[in-house]
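Heads up: the structure comes next, in C-alpha cells.
Chain letters run A, B, ... following the sequence lines, proteins first and then strands; every chain starts at 1. The structure displayed is predicted, hence computed values, not measured ones.
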Amino acid sequence: MKNFITYAIFVIISAVIILGLALPIPDIPALGDKARVLYFHVPMSWISVLAFFMSMWYSIRYLKTRDHNYDIKSYSSAQLGFLFCILATATGSLWAKFSWGSFWNWDPRQTSIFILLLIYGAYFALRSAIESEDQRAKLSSVYSIIAAVTVPFFVFIMPRIVESLHPDPILNTQGKINMDSSMLTVFLSALVGFTMLYLWMLDLKIRAEKLNYKKLSLTD
Amino acid sequence: MLLKNSYLVFKKDLSSELRTRYVINSLLMFVLVIISIIRFAIGDEKVDNEILTGLLWIAIFFTSVSGLSRTFVKEEEKETSFSLKLSTGSNSVILGKLFFNLILTFSLNLLILFLFVIITDYEIKNFSGFMIVIVFGNLGLVSASTIIAAIISKANSKGTLYPVLSFPVLLPLLITVINATKLASVGVETGKLLGEIQILLSYFIVVTVASLMLFKYVWED
Amino acid sequence: MSSLYDFLETNSLYIVLLIVLIIWVGIFGYLRSLDKKIKKLEEK
C-alpha cells in the first residue's frame, strides 16, 4: 500500500510538472505564461498553512493525552511547515519580481506568509530555549495553540489595510484567474500531489524523530 | 470565589510591587529613555501624524514587552511560584496577573501618551475615539502578553525570547490598533472606527479565553 | 545580469521552470538532512 502511494505521488507530481509547463492555458492579462506558477506556488502556501494547523491539532492532542508521540508529530509537522513556508516565500517573491517588479512589497499575502514564518521561527526559538522534555512539549504546545487562534484575525484585518495585487478570488476580484477545466485539473492534481508528498515526508520525519527519542531514552 | 482569589493575587502583586518598586522604577526609566530617543530622532522636524502614531506604538510595544513579563518571571526567580500554586487555583492566578498587568499598562500608557504629546506636536483630533481605541488595544495587548509571559518564565534566555514570541501573536492587534489610532488622530469619527474596535474586542476575548483554558498546563509542574 | 532579467521577462515559461527548480532543491535538501540524521541514529 505504502509503495503504491509513493509511486502515485511520483506520477502525480511528474505529471503536474510536465503538463503544467506544456499544456496551453487560457490567455490571462498581465500574467501570461507566468500564471503557470500557481500550479507550484499555491500548493506550497497551502501546505505551510495546513502543516501549521496540523501542528496545532497535535498540540491539542498532546495536552489532552500527554502522549509524547503527539509532541513529536507536532514538532515534525511544524518543521515541514517551515520548509514549505520558505519555499512559498521564495517562489512567491520570484513571481512578484517578474509580475509586480520587486521581490518584496508588503502585499497582504506577503505579509501573511511573513507572519507565518515569524511564528514558525518563534516556535523553534522557544523549543530550543527549554531543556526539560516535558516542559518543552507542554510550553511549545501552548504557544502553537495561542498563535493559531490569533492567525485567523488576518482574514478580517488584511483587506481593511491595503489593496492587494495578489490574484485571488477572496482578496482581489479584479485579479482573479479564470481557470478553464484543463487548468483546473492540473491545479487540483498539484494540490493533491503536493499534499500527499507532504504527508509522506511528515511520516518519514516522524519515524526518524521517534527513533531519536527511543535512542535518547535508552541512553539516559 | 474565583473572583475573590484573583483579587487576592492581584493585591499581593500590587503590594509587593509597591513595596519593592522593582518593575515600576525600571519601567519609568525605560519610558523616559524611549521618549527621549524619539525626541532626538525627530529633532525639531514637523512630522506627520501617520509616522507619529507608529512611533507612539513602538514606544508602547517595547515598554510592555520589557515590563509585562516580570509578573511571572519574578515568581520563578524568587521561587514563590510553588507557594502560590499551593494557595490558589490556576485560573485565579492568571486572572489576577492579567488584572495587575492591565493596571500597569494603562497607567504606563497614559504616561507615555502624556509625554509623547508634550515632546512632539501630536495632534489628536478625535480624542474620545482615540482613548477608546487605546483602551481596547491595551486589553488585547495585555491578554496576549500575559500568557506569553507565563510561557517565557519557564524558558531560558527570557529577555530576548519575550519580544520574539509575542510579536507574531500581537501583530494582528498591532496592525489594527495602529491603523485605528491613526484614523482617530486625524479626526475620523468614532462611529467609523467601530469595525476596528470590534476586531480589538474580539481579539481580547479570544486570547483571554484561550489563556484561561491553556494556563493550567503552563502553571502545573 | 540585466540580460538574464530581460531573457526571463520575455520567456516567462523559464520563470516557472526556475520556481519548480527552487521547490525541488528545497525538498531535496530537506530529505538529505533527514537522511543524515537517520544515518547518525544508525551509527549510535
Side-chain angles (χ1 to χ4, degrees), chain A residues 13-14 16-18 20-22 25 28 30-41 43-44 47 76 79-80 82-99 101 190 194 197-198 200-216 218-219, chain C:
Chain A
I13 290 182
S14 310
V16 164
I17 293 174
I18 295 165
L21 286 167
I25 56 170
I28 291 152
L31 278 177
D33 268 341
K34 280 182 281 227
R36 297 171 191 273
V37 173
L38 106 152
Y39 298 140
F40 307 100
H41 169 68
M44 296 300 117
I47 292 169
S76 308
Q79 207 183 47
L80 276 169
F82 190 50
L83 167 76
F84 282 101
C85 202
I86 291 171
L87 290 179
T89 317
T91 56
S93 69
L94 192 65
W95 194 5
K97 176 71 187 168
F98 287 99
S99 36
F194 278 107
L197 179 71
Y198 154 71
W200 180 33
M201 287 167 80
L202 182 63
D203 183 49
L204 283 181
K205 175 75 187 160
I206 289 171
R207 274 153 61 197
E209 286 292 328
K210 272 183 184 163
L211 271 181
N212 190 21
Y213 182 64
K214 253 184 219 153
K215 272 268 161 60
L216 282 180
L218 277 180
T219 47
Chain C
M1 198 57 214
S2 68
S3 64
L4 178 66
Y5 182 85
D6 291 337
F7 172 76
L8 286 174
E9 187 83 85
T10 42
N11 302 284
S12 45
L13 200 59
Y14 285 91
I15 299 171
V16 187
L17 192 67
L18 210 59
I19 279 172
V20 176
L21 275 178
I22 291 176
I23 293 172
W24 169 233
V25 168
I27 291 175
F28 183 80
Y30 185 79
L31 288 176
R32 273 297 299 171
S33 76
L34 196 62
D35 188 332
K36 253 184 220 154
K37 185 168 186 153
I38 294 174
K39 204 165 273 168
K40 234 191 319 192
L41 280 174
E42 282 166 339
E43 280 165 10
K44 249 195 258 171

Between A/Ser76 and the options A/Glu209, A/Arg207, A/Met201, the side-chain contact (heavy atoms from CB on, under 4.5 Å) test singles out A/Glu209

Which atom names give the shortest non-hydrogen contact between A/Ala90 and C/Ile22, and what distance separates them? CB-CG2, 4.1 Å

Give, as side chain, backbone, both or neither, the part of [X] having an atom under 4.5 angstrom from any heavy atom of chain A.
X       : result
C/Ile38 : side chain
C/Leu17 : both
C/Leu34 : side chain

Which one of A/Leu197, A/Leu80, A/Ile86 has the most heavy-atom pairs closer than 4.5 Å to chain C? A/Leu80

Please classify the contact of [X] with chain C as side chain, backbone, both or neither, using a heavy-atom distance under 4.5 Å.
X        : result
A/Phe194 : side chain
A/Ile13  : neither
A/Leu21  : both

Leading residue by heavy atom contact count with chain A [cutoff under 4.5 Å; candidates C/Ile23, C/Ile15, C/Leu18]: C/Ile23

Spacing of OG1 belonging to A/Thr89 relative to CG belonging to A/Leu94, to within rounding of 0.5 Å: 12.5 Å

Short question: side chain of A/Arg36, backbone of A/Gly20 - any donor-acceptor pair under 3.5 Å? yes

Are any non-hydrogen side-chain atoms of A/Lys205 and A/Lys210 less than 4.5 angstrom apart? no

Is there a side-chain contact between A/Trp95 and A/Thr91 in this structure, where contact means two heavy atoms from C-beta onward sitting under 4.5 Å apart? no

